[in-house]
> 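Input: one structure, supplied below.
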Amino acid sequence: MVRSVVTGAAGFLGGAVVHELRRRGDEVIGLDVRRAPGVTLADVTTSGSWEKALEGADLLVHAAAVGMGGVGELAPVRAGRATPPSGITTAQMRKVLLGGTATVLDAAQRAGVRRVVHLSCVSALGDDAPHVADESAPVGLTGEPRADAIAAAEQTVSAAAAHGAPVTVLRIADAYGPRAGRWTLWPVLLMRAGRFVLVDGGRGMLSPVHVDDVVSAVMAVAAAPGEAVTGQVLHVTGPGTATVAEFFGRYASMAQVRAPRSVPARLCEVVDAVDRLPSRQSASVGGRPGLLRGIGAALMANVDPRVRVDLGPLTIQDVTRRGTVSGDRIAALVGWRGEVDLDEGMRRTGSWLRDRGLLGVPEPARRG
């Protein structure tokens, strides 16, 4: 029997991988800082007793992450009320995404784990990726905390691979589907509260990949010959692309709400800056922060709070990309390509949302 360990097992992708590994008959140990059925409590950012789980493991899938807009970071979404920030700081993101990755890789090496799959994200490519980015596109600092932490974690993995670690990076595109926070639950809840918007008309491009395709890609890489995938960075994307307007328009149709209105990117930037400021009283010192808050207040004056600008955990960069990503390398090395197109992926996602009562309620709060 194959022995597999998954970090971030209570999360969106980690939980989906655990489910599939158990379905196929593996002995699976799921690790996470959050409680969930079949999950062992473990903080993989520091050494501890959890490392014993890696002894004798054939496969380790490292999916632990924070700051990604997952279900565990969902705050209440109500019409007319500002959504509070998730509370995830840049330091916490670096601790989990970078420090946790280094700790897990070190532990895996000591335990002799035969195959490690590290789940990353196309956010690592930043804003300057080519029109159709393959894995040779440069990865560097962008100034966006989440993207920079993801890129730094990838560099840590690459360094470990250069020293012989049997590790592969799967750089996941815009993953949506059941239990997806960032690309599914957040937008749906914000649309139903009348606050989600399209930036610059929703002309940005997405590379949607359904969670079922992500899981099948992990399985394909785990089963591939080590010499084919060790040390590789591989993009995982679906069989097609979509504009931001088309993608989120599917959710609006499901929820039977008006399509999100379009706002200029500059307005989103100002609102984001205003929301990040301290209170008006503390911000007024020295004049400048208070002035910026005043600009934001003027922009929002006489605007119904139901149409307040809110992208949830998505960044302006996420929804204004001009390029997409190529999945040719994983196809060439492993023979895997995404099979769930947007029509089928949204059908599966809609069924899940409907089964949980997340469609058709006028003013939703957070739901589990």
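Side chains included, hydrogens not; waters and symmetry mates left out as well; all remaining heavy atoms used.
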> Taking all atoms of both residues into account, what is the closest heavy-atom pair of Thr101 and Val157, and its distance?
CG2-CG2, 3.7 Å
> Does Tyr176 reach the side chain of Leu185, with side-chain heavy atoms less than 4.5 Å apart?
no
> Between Val325 and Val132, is the side-chain contact (heavy atoms from CB on, under 4.5 Å) condition met? List the steps.
CA-CA 5 Å; Val325 296; Val132 181; over 6 Å; no
> Side chains of Trp336 and Ser216: is there a donor and an acceptor less than 3.5 Å apart?
yes
> The criterion is salt bridge (charged side-chain N to carboxylate O under 4.0 Å, His left out); which residues satisfy it with Glu27, sequence neighbours excluded?
Arg3
> Could you tell me the separation between the CG atom of Leu342 and the CZ atom of Arg347, rounded to the nearest 0.5 Å?
13.0 Å
> Is the shortest side-chain heavy-atom distance between Leu59 and Val113 below 4.5 Å?
no
> What is the distance from atom CZ of Arg179 to atom CZ of Arg356, rounded to the nearest 0.5 Å?
9.5 Å
> Working to the nearest 0.5 Å, report the span between CD1 of Ile150 and CD1 of Ile172.
11.0 Å
> Going through the checks in order, is the side-chain contact (heavy atoms from CB on, under 4.5 Å) test met by Asp310 and Phe196?
CA-CA 5 Å; Asp310 200 337; Phe196 192 79; over 6 Å; no
> Write down the atom of Ala222, the atom of Arg115, and the distance for their closest heavy-atom approach.
O-NH1, 3.1 Å
> Taking the side chain as everything from C-beta on, heavy atoms only, tell me whether Arg35 gets closer than 4.5 Å to Val39.
no
> By ring-ring contact (aromatic ring centres under 6.0 Å, His included), which residues pair with His62, not counting sequence neighbours?
His118
> Before you tell me yes or no, could you show the steps for Leu105 and Val167 under side-chain contact (heavy atoms from CB on, under 4.5 Å), namely the whole-Å CA-CA distance, both residues' side-chain angles and the distance that decides it to 0.1 Å?
CA-CA 9 Å; Leu105 290 174; Val167 60; 4.2 Å; yes
> Which atom names give the shortest non-hydrogen contact between Ala9 and Gly30, and what distance separates them?
CB-CA, 3.5 Å
> Got a salt bridge between Lys52 and Glu55, using NZ or NE/NH1/NH2 to carboxylate O under 4.0 Å?
no
> Drop me the distance from His163's NE2 to Ser158's OG, to the nearest 0.5 angstrom.
12.0 Å
> Give the minimum heavy-atom separation between Ala149 and Leu97, together with the two atoms involved.
CB-CD1, 3.7 Å
> Do the charged groups of Arg337 and Asp328 touch, with an N to O distance under 4.0 Å?
yes
> Might you point out which heavy atoms bring Val5 and Ala53 nearest each other, and give the distance in Å?
CG2-O, 3.4 Å
> Ser351 versus Met346: any side-chain heavy-atom pair under 4.5 Å?
no
> Sequence neighbours excluded, which residues qualify as salt bridge (charged side-chain N to carboxylate O under 4.0 Å, His left out) partners of Asp343?
Arg250
> So, taking the atom named CG in Leu353 and the one named OG1 in Thr184, what distance separates them when rounded to the nearest 0.5 Å?
7.0 Å
> Using salt bridge (charged side-chain N to carboxylate O under 4.0 Å, His left out) as the criterion, list what pairs up with Arg94, not counting sequence neighbours.
none
> With heavy-atom distances below 4.5 Å as the criterion, would you say the side chains of Trp186 and Leu190 are in contact?
yes
> Please say yes or no: joined through hydrophobic side-chain contacts below 4.5 Å, possibly via intermediate residues, are Met205 and Leu125 part of one cluster?
no
> Please determine whether residues Leu358 and Phe248 belong to a single hydrophobic cluster, defined as Ile, Leu, Val, Met, Phe, Trp and Tyr linked transitively by side-chain heavy-atom distances below 4.5 Å.
yes
> How long is the straight-line distance from OG1 of Thr103 back to CG of Asp43, given to the nearest 0.5 Å?
9.0 Å
> Heavy atoms, side chains only, cut-off 4.5 Å: are Met191 and Arg258 in contact?
no
> Count I, L, V, M, F, W, Y as connected when their side-chain heavy atoms are under 4.5 Å apart, and connections chain through other members. Are Val116 and Leu119 then in the same cluster?
no
> Checking the side chain of Glu51 only, and the main-chain atoms of Gly48 only, is there a donor and an acceptor separated by less than 3.5 Å?
yes
> Walk me through whether Tyr251 and Thr349 qualify under side-chain hydrogen bond (donor to acceptor under 3.5 Å, both in side chains).
CA-CA 9 Å; Tyr251 290 139; Thr349 304; 5.2 Å; no
> Taking all heavy atoms of Ala217 and all of Ile330, pick out the closest pair and write down the distance.
CB-CD1, 4.4 Å
> Are a donor atom and an acceptor atom from the side chains of Asp318 and Thr315 found within less than 3.5 Å of each other?
yes
> Would you say that more than 12 heavy atoms from the other residues, nucleotides or ligands in this model lie under 6.0 Å from the CD of Glu339, or not?
no
> Indicate every side-chain donor-acceptor pair of residues 225-234 with a distance under 3.5 Å to a residue at least two apart or in another chain.
{"unit_1": "Thr230", "atom_1": "OG1", "unit_2": "Gly226", "atom_2": "O", "d": "2.8"}
{"unit_1": "Gln232", "atom_1": "OE1", "unit_2": "Arg329", "atom_2": "NH1", "d": "3.4"}

> Keeping Ser262 on the side-chain end and Gly201 on the backbone end, is there a donor-acceptor pair under 3.5 Å?
yes
> Begin with the C-alpha distance, continue with both residues' side-chain angles, and end with the deciding distance and a verdict on side-chain contact (heavy atoms from CB on, under 4.5 Å) for Val244 and Leu206.
CA-CA 6 Å; Val244 170; Leu206 300 180; 3.9 Å; yes
> Counting N and O atoms only, with roles assigned by atom type, does the side chain of Asp26 sit under 3.5 Å from a partner on the main chain of Val28, one being a donor and the other an acceptor?
no
> Let me check something: do Val214 and Val169 share a hydrophobic cluster, defined by ILVMFWY side-chain heavy atoms less than 4.5 Å apart, either directly or through other members?
no
> Only one of Arg171, Arg146, Glu144 clears side chain to side chain contact (heavy atoms under 4.5 Å, CB included) with Ser123; which?
Arg146
> Sequence neighbours excluded, which residues qualify as salt bridge (charged side-chain N to carboxylate O under 4.0 Å, His left out) partners of Asp174?
Arg321
> Any heavy-atom pair between the side chains of Thr7 and Leu60 that's under 4.5 Å?
yes
> Please determine if Asp212 and Arg348 form a salt bridge, counting it only when a charged side-chain N lies under 4.0 Å from a carboxylate O.
yes
> If two hydrophobic side chains count as joined below 4.5 Å and joins carry through other members, does Trp183 share a cluster with Ile316?
yes
> Please check if the side chain of Asp32 supplies one atom and the backbone of Ala10 the other of a donor-acceptor pair under 3.5 Å.
yes
> Taking Glu20 for the side chain and Val17 for the main chain, is one N or O donor matched with an acceptor at less than 3.5 Å?
no
> Under 4.5 Å between any side-chain heavy atoms of Met68 and Phe12, yes or no?
no
> Is Thr237 reaching over with its side chain to a backbone N or O of Val209, donor-acceptor style, under 3.5 angstrom?
no
> Only one of Val61, Leu13, Val218 clears side chain to side chain contact (heavy atoms under 4.5 Å, CB included) with Leu170; which?
Val218
